[in-house]
Amino acid sequence: MAFVDLHLHSRFSDGTYEPEELAAQARRCELAAIALTDHDSVEGCPGTAQACAAAGIEFIAGTELTAEQDGNEVHILGYCMDTQNSRLLTQIARFQAVRQDRIREMVARLNRIRVPLSADAVFALANCRAPGRPHVARALVAAGLCASLDEAFERFLKKNRPAWVPKFKMSGEEALDLIHQAGGVAVMAHPGLNRTDQVIPRLVEAGMDGIECFHTKHSTATTEHYLELADQFHLLVTGGSDCHGLNKGKPLIGTVKVPYQHLELLKARAAEIRAAATPHPSS
Ligand SMILES: [Zn+2]
Ligand SMILES: [Zn+2]
């Protein structure tokens, strides 16, 4: 039986792997296909597509957008989009600028409480256009200002800690629309982590295509619960490890086994979305 991992991060957001390493890891795990879903970025997709082709692994272009629905943070995964779509790229550039401003603001707040970190140190370490809190945490550890990533979050970066800065978010509906207009399939990521079941009917109404039932942090009971919801709302089922590389010890890639048939259905939906967007030739 063939398996896929549809939720992976690379060094183009807060993961550590280069495209070649990701393809090599996928091969080691004997995965038939992988999707790259970096936060607010599709930059790693062309390189990973190439590396996967060389390794004989099917590649699905993706991204993970942070959104807010009725006061709840939701992550929306996009799959099979045209990664050259101009509206998608314009919006992503805007989200990336917001992320960079947020880093500067977090560093300013740290400096105010006499933690001598520089924004440039964070940007140099992040080495990507979509930096986030994990990069600030890593920079704090690298500068010897915190003993561990956990300490960095606990003391400074967690919500309502001194260096926490609220994040601008688009609505869930906007995220779905952005993915759909780029020809992609929109899926709610790790619903069990955000505990946002109450927003699911609204997003389904807005055209959400699927729900991530299989995830590293979902228990068997949680997975069962979302499989039932997927059935109830006629949603596609997806899953992945949410691997960030070597950030948090052992890499997670391949630890969540998702049968290939789910990818088959996802690709069929992507084809439908593209067909609906293409004007019919006049006879
Ligand atoms: Zn997420
Ligand atoms: Zn993720």
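One-based numbering along the sequence shown. Remember, it's 1-based here, ligands and their atoms both numbered in the order they're listed. Quick caveat, the model's predicted, so the values are computed rather than measured.
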If a pair satisfies side chain to side chain donor-acceptor pair (under 3.5 Å) and one of its residues is in residues 227-236, list it, with sequence neighbours excluded.
none
Tell me whether Arg27 at atom CZ has more than 12 heavy atoms from other residues, nucleotides or ligands lying less than 6.0 Å away.
no
Not counting sequence neighbours, which residues clear side-chain contact (heavy atoms from CB on, under 4.5 Å) with Ala33? List them please.
Val4, Glu58, Tyr260, Leu263
Heavy-atom distance under 4.5 Å between the side chains of Arg133 and Val122, does that happen here?
no
Is there a side-chain contact between Phe123 and Gln100, using heavy atoms and a 4.5 Å cut-off?
yes
Polar protein atoms (N, O or S) that approach the Zn ion (ligand 1) to under 2.8 Å:
Glu64 OE2, His75 ND1, His190 NE2
Taken in chain and number order and not counting sequence neighbours, the residues that satisfy ring-ring contact (aromatic ring centres under 6.0 Å, His included) with His39 are His9
Name of the His7 N, O or S atom nearest the Zn ion (ligand 2)?
NE2
